[in-house]
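Quick note: numbers below take in every heavy atom, side chains included, and nothing from hydrogens, waters or symmetry partners.
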Amino acid sequence: VRLEVPSVVSSVAGDVTITSSLDIANGLSVTEKGILYNSNKEDIHIKGCKVVSSAENDITVEVKNLSIGSKYYMCSYVSNGNNIAYSEVVEFTTHSVPSLTTSKTTGISYFEAVSGGTNLCGNGLEITSKGLVWSTTPTPTIELSTKTKDGKDDSAFTSKITGLSPGTKYYIRAYAVNEDGVGYGN
């Protein structure tokens with residue numbers, strides 16, 4: 001049996017999909033295969049959580065409800081009922097799009113307003129952009145040109161929105177971007 005080191009192929013919030021390939025010699029019977037994982041590297045073979053794979057040839061498993069931004073250790077395993085073979089232990093960190101809260105809008109005048117973002121969290125990844133986006137229709141997105149750019153970290157920020165029209169209702173929300181995508185505030 002040749003086991004490859006497992007790798008995370010997708011991570012959304014606390015749910016991850018892990019794969020690993022293996023080659024089984026002709027005539028060798030496999031009764032079980034899967035992934036072991038744990039937050040403590042030393043306990044992985046003793047107290048590791050086990051997820052059995054039902055994939056035909058390789059190992060593919062889904063692990064749900066892990067803590068976002070936490071480090072875990074994993075290895076592949078295969079058993080023939082009498083013996084167990086393990087791959088090398090590797091680490092991974094769960095991640096997701098950023099989370100944040102849109103600040104209350106203040107300083108409202110005929111042509112401008114002030115808002116911002118608080119409680120920013122990159123959820124395991126570095127924030128590469130943040131700011132406010134606004135529109136006259138609900139749920140504005142960063143594809144719009146009506147947005148501010150307020151840095152690249154997880155600190156709270158305040159922005160002035162300008163160029164507004166008097167007597168018009170606007171929808172404003174904070175945004176933050178990381179490698180996984182865009183997270184929006186309320």
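Applying the side chain to side chain donor-acceptor pair (under 3.5 Å) test to residues at least two apart or on different chains, the pairs with a partner in residues 125-147 are K130-D153, K130-S155, S135-T137, T141-E143. Evaluation of the salt bridge (Lys or Arg N to Asp or Glu O under 4.0 Å) test over residues 174-186, restricted to residues two or more places apart or in two chains, returns none. For the ring-ring contact (aromatic ring centres under 6.0 Å, His included) condition, no pair includes a residue of residues 48-71, sequence neighbours left out. Among pairs with a residue in residues 71-83, those fulfilling side chain to side chain donor-acceptor pair (under 3.5 Å) read S20-S76, E32-Y77, at least two apart in sequence or across chains.
Applying the ring-ring contact (aromatic ring centres under 6.0 Å, His included) test to Y171 and every residue at least two apart in sequence or in another chain returns nothing. Scored by the side chain to side chain donor-acceptor pair (under 3.5 Å) test, S7 finds no partners at all (sequence neighbours excluded). Listed by chain and number, the residues in a salt bridge (charged side-chain N to carboxylate O under 4.0 Å, His left out) with K160 are E112 (sequence neighbours excluded). Under the rule for a side-chain contact (heavy atoms from CB on, under 4.5 Å), the partners of S53 that lie at least two apart in sequence or sit in another chain are K33, A55, I59, V61. Every residue meeting the side-chain contact (heavy atoms from CB on, under 4.5 Å) condition with C121, not counting sequence neighbours, appears here in chain and number order: S99, N123. With sequence neighbours left out, S159 forms a side chain to side chain donor-acceptor pair (under 3.5 Å) with T148, D150. Applying the side-chain contact (heavy atoms from CB on, under 4.5 Å) test to K104 and every residue at least two apart in sequence or in another chain returns nothing.
Atom OG1 of T101 sits about 13.0 Å away from atom CZ of R173, to the nearest 0.5 Å. With rounding to the nearest 0.5 angstrom, the OG1 atom of T93 is 11.0 Å from the CG atom of L66. Taking CE of M74 as the start and CG of N38 as the end, the distance is 13.0 Å to the nearest 0.5 Å. Taken to the nearest 0.5 Å, the CG atom of L22 stands 8.0 Å off from the CG atom of N57. Taking CG from N178 and CG from L120, the interatomic distance works out to 11.0 Å, rounded to the nearest 0.5 Å. Rounding to the nearest 0.5 Å gives a distance of 6.5 Å between OH of Y175 and NZ of K149.
Under the 4.5 Å side-chain contact rule for hydrophobic residues, V90 and I44 do not share a cluster. Hydrophobic clustering of Ile, Leu, Val, Met, Phe, Trp and Tyr side chains at less than 4.5 Å, counting indirect connections, keeps L3 apart from I84. The cluster map of Ile, Leu, Val, Met, Phe, Trp and Tyr, joined by side-chain heavy atoms under 4.5 Å apart, puts V63 and V78 in the same cluster. By the criterion of side-chain heavy atoms lying less than 4.5 angstrom apart, applied directly or through intervening Ile, Leu, Val, Met, Phe, Trp or Tyr residues, V5 is grouped together with V51 in one hydrophobic cluster. By the rule that hydrophobic residues join a cluster once side-chain heavy atoms approach within less than 4.5 Å of another member, V182 and I68 end up as members of separate clusters.
Nearest approach of P98 to G181, heavy atoms of both residues: CD-O, 3.6 Å. In terms of heavy atoms, T105 sits closest to I172 at OG1-CD1, 4.0 Å. Summarising the geometry of A174 relative to L132, their closest heavy-atom pair is CA-CD2, 3.8 Å, with the distance given to 0.1 Å. Between S115 and T102, the shortest heavy-atom contact is OG-CG2, 3.8 Å. Contact record, P6 with I18: CB-CG2, 3.8 Å, taken as the closest heavy-atom pair.
Between Y184 and I142, the closest side-chain pair of non-hydrogen atoms falls below 4.5 Å.
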Inset, instruction - Run the numbers on L36 and Y86 for side chain to side chain contact (heavy atoms under 4.5 Å, CB included), then give the verdict. - result: CA-CA 9 Å; L36 295 175; Y86 300 100; 3.5 Å; yes
Legend entry - CA sep, side-chain torsions, deciding dist, call: N119, L100, side chain to side chain contact (heavy atoms under 4.5 Å, CB included): CA-CA 5 Å; N119 304 318; L100 68 160; 5.8 Å; no
Let me have the donor-acceptor pairs involving side chains of residues 161-168, under 3.5 Å, with sequence neighbours excluded, atom names and distances please.
from: T168; atom 1: OG1; to: S165; atom 2: O; distance (Å): 3.3

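A donor-acceptor pair under 3.5 Å is absent between the side-chain atoms of N65 and the main chain of D15, judged by distance alone.
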